[in-house]
Amino acid sequence: MVKLLIHGPNRLAGELNVHGAKNSTLPLMAAALLCRSECVLHNCPHLSDVDVSARILRHLGCAVSWQGGSLVIDPRSVTQCDIPDGLMREMRSSIVFLGAILSRAGRAVLSFPGGCELGPRPIDLHLQALRKMGAKIVEDYGCLSCSTEGPLHGAAIGLSFPSVGATENIMLAGVLAEGTTVITNAAREPEICDLADFLNRCGAKVSGAGGSTLVIEGVRRLYGCEHRVIPDRIAAATFMSAAAATGGCIRLNQIIPAHLEPVLPSFEELGCCIEMEESSLRISAPARLGRIKSVRTMPYPGFPTDAQAPLMAAACVGSGTSIFVENIFESRYKHVGELLRLGANIKVEGRVAVVEGVPRLSGAPVEAADLRGGAALVVAGLAARGATEVTGVRYMDRGYENLERSLSLLGADIRREYE
Ligand code: EPZ
């Protein structure tokens, strides 16, 4: 078994380059399927979710190889149109491959991604949209069998919720469709803009990315290109939370400051000072944090749900009461029980978590139950007095590139142990 062993408390100091965004890399890898020539994705993070996506592409017939921090994808020999159940289960966000496989092959067979640690992860918005674009989708025994008579066609699609994955699937299905697709109430996350930038560089015609209305004018073919993946804003927010929780002062490089604007007010309310430069930020925290009146997770440009858990870990050692409201996922408080084991004082009522700051946390063995909740336990362990053992490291490895190495560079006493 693998675990992260942390000894605290240690004030973090130093600087770190933030790795490329997991939630941008995955749809970009799916988009490569649509191209007639090689794609090179620079600044790709080495994560287990990226490895699973590479295995999916290889299963479909692509050649995928790493060249340092760049991923080279040659989609010219795609012969398959299915994603094996095992791979779907390893990564539920594999659903983002559906639109691209369907557009490329005219057929797609995937198992239902099912739920995950965050609760049921419905895909009704994905399927409704693809059916409007001409896909015939049969759902039986947990399997999705999709097909199209000829190319998909454009459609006017109004999303009842600005779903990131559904917006990405519609973009990937629409770029080679006949006619124009208009998405209203589209997701506005930076990862949507990164995908649109990549597709347009390949020859697509996508406009409006970053706004609520996306227009995708179908073209006949796309050619591969080189593209640099945007920095991971959630990883950056996680390191900011670690600096805040430990009263530290760190500098994060290779970020896009605008992507972090939704989280800045919360850190400032905690008492942190944040200086922004062109592609970096410096955060310095007080010896004792304050409190955050309320954090409500919302679609971008609201506070990101993925940063809720790490920020909560910092609020645990604040002074006063911080209120969190998780509006995006049904069960995204699995980290609370483990934070209580470290001495935190948190009460959860449905979507609301009330955090009473305590002067000090105490180290203990804790177990991660999901990616960002696991990161929160690491943040709390850095601030806790004594030894904290975090198991369930496989969750963190999905979304953070060598987390313990990054934190060690900032002065944390943390190491990975293999039992
Ligand atoms: C993406 O998930 C991210 N994952 C998530 O990050 C992130 O938390 C989420 O967007 C919200 O920002 C990737 O990009 C790989 P959604 P996604 O579709 O696309 C409901 C992480 O930690 N919904 O915007 O699955 C859904 O139940 C991960 O890096 C439907 O009801 O998110 C949820 O309540 C976790 N029907 C809400 O929308 C649908 O068809 C948000 O889902 C689709 C979604």
Side-chain angles (χ1 to χ4, degrees), residues 19-31 45 47-50 52-53 56 88 90-99 112-132 137 139 144 157-172 183 185-195 212 229-230 232-238 259 262-263 296-311 326-332 334-335 351 368-376 395-401 403:
H19 61 68
K22 164 180 86 80
N23 292 345
S24 196
T25 301
L26 302 185
L28 288 171
M29 291 174 76
L47 304 169
S48 55
D49 270 7
V50 173
V52 174
S53 298
I56 289 171
M88 280 301 289
E90 272 196 71
M91 188 182 74
R92 69 156 306 281
S93 38
S94 308
I95 191 68
V96 79
F97 281 85
L98 174 57
F112 244 84
C116 74
E117 314 80 38
L118 307 182
R121 300 290 292 275
I123 57 170
D124 54 311
L125 300 178
H126 299 244
L127 304 186
Q128 278 165 17
L130 293 174
R131 284 181 170 124
K132 277 194 89 170
I137 302 176
E139 307 164 45
L144 287 172
I157 295 162
L159 290 175
S160 57
F161 180 87
S163 158
V164 172
T167 302
E168 290 164 348
N169 246 330
I170 299 164
M171 289 166 74
L172 294 172
I183 311 173
N185 197 24
R188 300 171 54 192
E189 275 70 2
E191 293 75 26
I192 300 293
C193 299
D194 204 27
L195 178 61
S212 293
V229 177
I230 58 172
D232 195 313
R233 58 196 171 98
I234 305 302
T238 304
H259 295 173
V263 303
R296 298 171 185 281
T297 64
M298 299 297 281
Y300 196 87
F303 186 92
T305 173
D306 296 345
Q308 174 254 108
L311 182 68
E326 173 53 57
N327 293 307
I328 304 294
F329 288 108
E330 278 183 19
S331 58
R332 200 164 201 176
K334 287 200 168 67
H335 47 285
R351 290 183 176 271
D370 62 71
L371 164 55
R372 308 301 176 184
Y395 289 110
M396 285 82 93
D397 287 343
R398 291 185 46 207
Y400 295 94
E401 189 175 66
L403 182 58

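Below, all heavy atoms of this structure are taken into account, side chains as well, without hydrogens, waters or symmetry copies. We count ligands from 1, going down the list as the structure has it; atoms in each ligand are counted the same way.
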| message | In the complex you have, is atom 20 (C) of ligand 1 within reach of the protein, judged by whether a heavy-atom distance drops under 4.0 Å? | response | no
| query | Would you say Met91 touches ligand 1, if touching means a heavy atom closer than 4.0 Å? | reply | no
| request: Report the part of Arg92 in contact with ligand 1, treating N, CA, C, O as backbone and CB onward as side chain, heavy atoms under 4.0 Å; options are side chain, backbone, both, neither. | output: side chain
| message | Is it the case that over 12 heavy atoms from other parts of the model lie below 6.0 angstrom from the CZ atom of Arg351? | response | yes
| note | The answer for which part of Asp306 has a heavy atom under 4.0 Å from ligand 1 is side chain
| said: The criterion is side chain to side chain donor-acceptor pair (under 3.5 Å); which residues satisfy it with Ser163, sequence neighbours excluded? | reply: none
| message | Counting only heavy atoms closer than 4.0 Å, does ligand 1 sit against the backbone of Leu371, its side chain, both, or neither? | response | side chain
| request: May I ask you to list the atoms of ligand 1 that are less than 4.0 angstrom from any heavy atom of Ile123? | output: 39 (C), 40 (O)
| note | atom 11 (C) of ligand 1 has as its nearest protein heavy atom Thr305 CG2, 3.9 Å
| query | Which residue holds the protein heavy atom closest to atom 18 (O) of ligand 1, what is that atom called, and what is the gap in Å? | reply | Ser163 OG, 2.7 Å
| query | Would you call Pro122 a ligand 1 contact, heavy-atom distance under 4.0 Å? | reply | yes
| Would you say the side-chain atoms of Glu326 pair up with the backbone N or O of Ile328, donor to acceptor, closer than 3.5 Å? | yes
| message | If we set the cut-off at 4.0 Å for heavy atoms, which region of Asp49 has an atom near ligand 1: side chain, backbone, both, or neither? | response | neither
